[in-house]
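Bear in mind that the values here come from a model prediction, so they are computed numbers and not experimental data. Numbers restart at 1 for each chain; the letters A, B, ... are given by sequence-line order, proteins then strands.
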There are 2 protein chains.
Amino acid sequence: MYRIGELASLCEVKPDTLRFYEKHGLLAPSSRSESGYRVYSDADLSRLKFILRAKAVGFSLNEITELLSIELNKAEWACADVKGMVDDKLEQVSAKIAELLVFQDSLKRLSDACCGGPESAEHCSILEALETNRQVQAEHHAGFTPVADNKNLKASLAISAANKGKSSCC
Amino acid sequence: MYRIGELASLCEVKPDTLRFYEKHGLLAPSSRSESGYRVYSDADLSRLKFILRAKAVGFSLNEITELLSIELNKAEWACADVKGMVDDKLEQVSAKIAELLVFQDSLKRLSDACCGGPESAEHCSILEALETNRQVQAEHHAGFTPVADNKNLKASLAISAANKGKSSCC
DNA sequence: CTTGACCTTGGATTAAACTCCAAGGTTTAT
DNA sequence: ATAAACCTTGGAGTTTAATCCAAGGTCAAG
């Protein structure tokens with residue numbers, strides 16, 4: 001049994017977020033204390049973890065509500081309806097996995113190309129890695145638009161560099 | 001070469017979205033016509049596809065900007081920095097894939113449980129499928145909170161049912 | 001028995017990502 | 001040659017998902 005602050009810090013969200021989820025029907029505490037405090041159970045924790053996992057892979061809160069609604073409430077939904085919906089979600093999930101695998105491959109390729117040697121430096125962009133990935137093209141794009149806005153990239157690289165000392169390439 | 005409307009309908013977004021992406025430095029047309037119309041190239045199309053793919057798997061536009069910024073601009077970034085960043089993104093992507101695989105497994109399990117026979121109807125919820133998935137538990141959760149808000153679920157099921165006639169279970 | 005860290009509600013504010021609108025210029029098909 | 005269907009800019013409005021604030025109640029420690 002957890003109070004709102006405990007559950008929040010367990011899952012690294014804010015109490016306000018949990019109240020927000022409650023207001024929108026995603027997660028209600030299974031009980032309240034005498035004084036009116038929200039009390040969450042382990043089942044609630046599982047549910048929250050599910051919500052956060054779904055959110056992390058690009059489902060909207062509405063879609064997550066749908067996912068959580070998949071229950072055979074015979075009064076309202078026929079099994080066929082539910083199966084149709086599950087199949088839809090399965091397709092979405094499979095599509096996401098496929099796209100992520102392409103990303104993963106591209107990033108690995110990029111990592112290799114970038115750090116294999118100093119001479120390949122000008123081929124170091126994710127888009128080139130992506131394209132080399134899909135169709136091996138003889139013709140090489142000449143002009144490459146540089147990205148203007150580097151303000152928070154700078155910050156994230158600082159963090160990235162601080163977090164791990166494994167920058168050993170080139 | 002595409003005008004904004006063509007590119008938009010090709011990728012199933014709105015022209016306004018493309019102008020929005022331009023304003024925020026994600027995608028600028030490689031040229032303009034005499035009259036000032038935006039003209040997009042195939043490289044721009046690739047870039048847009050990349051953006052949409054990244055968005056679909058849960059990256060924010062800021063993160064996508066970072067991904068697109070991964071170029072070895074030696075004047076600004078050391079290779080080690082870039083590698084650190086790529087590694088970070090790789091970890092994120094791997095984590096997302098792992099989570100999606102859990103989803104996929106759960107959904108498959110749910111689909112099977114739901115439509116194997118009418119007697120297992122009350123076990124038809126994604127959360128139960130998820131938990132059965134992780135640890136086989138002897139104890140069974142008694143109370144299961146039903147979800148209140150079914151308004152757009154109804155709509156999506158209608159679409160789902162209309163789209164495919166393969167609802168043949170139970 | 002009060003101080004500090006919690007919790008409650010309701011409502012306002014924010015940030016991200018579009019989405020729409022108005023007023024006008026351009027292209028294309030009849 | 002003119003209407004329909006595009007395009008331009010600037011700015012306002014919307015939706016989603018929080019996040020913050022104010023005014024007050026609860027609880028454990030010293």
Salt bridge present between A:Arg32 and A:Glu22 (N-O < 4.0 angstrom) = yes
Indicate, with a heavy-atom threshold strictly under 4.0 Å, whether B:Arg19 touches base, sugar-phosphate, or nothing.
-> base
Between the side chains of A:Tyr2 and A:Asp42, does any donor sit under 3.5 Å from an acceptor?
-> yes
Closer than 4.0 Å, any side-chain N/O of B:Arg38 to the OP1 or OP2 of D:dT8?
-> yes
To the nearest 0.5 Å, atom NZ of B:Lys55 lies from atom OG of B:Ser60 at 10.5 Å
Send over the distance from B:His24 NE2 to C:dC18 P, rounded to a whole Å.
-> 10 Å
Are OP1 or OP2 of D:dA17 and a side-chain N or O of A:Lys23 less than 4.0 angstrom apart?
-> no
What's the CZ-C1' distance between B:Phe20 and D:dT15, to the nearest Å?
-> 13 Å
salt_bridge(A:Arg47, A:Asp44) N-O dist < 4.0 Å = no
Atom CG of A:Leu18 and atom C1' of D:dA18 are separated, to the nearest Å, by 12 Å
Comparing nearest nucleotides in DNA chain C, the 5'-proximal residue of the pair A:Gly36, B:Glu34 is A:Gly36
Using the ring of A:Phe59 (Phe, Tyr or Trp, six-membered ring only), decide whether A:Lys96 places NZ or CZ under 6.0 Å from its centre and within 45 degrees of its axis.
-> yes
Residue B:Asp16, side-chain heavy atoms: nucleotide from C:dA17, D:dA18, C:dC21 that is nearest | C:dC21
In residues 1-15 of chain A, which ones come under 4.0 Å of DNA chain C, going by heavy atoms?
-> A:Arg3, A:Ile4, A:Gly5
Give a yes or no answer on whether the side chain of B:Glu91 reaches the backbone of B:Asp88 with a donor-acceptor pair at less than 3.5 Å.
-> no
N or O in side chain of B:Ser35 less than 4.0 angstrom from D:dC7 OP1/OP2 | no
Base, sugar-phosphate, or nothing: which does B:Ser33 touch, judged by heavy atoms less than 4.0 Å apart?
-> nothing
For the side chain of A:Tyr37, starting at C-beta, report the closest nucleotide among D:dG25, D:dA17, D:dT19.
-> D:dG25
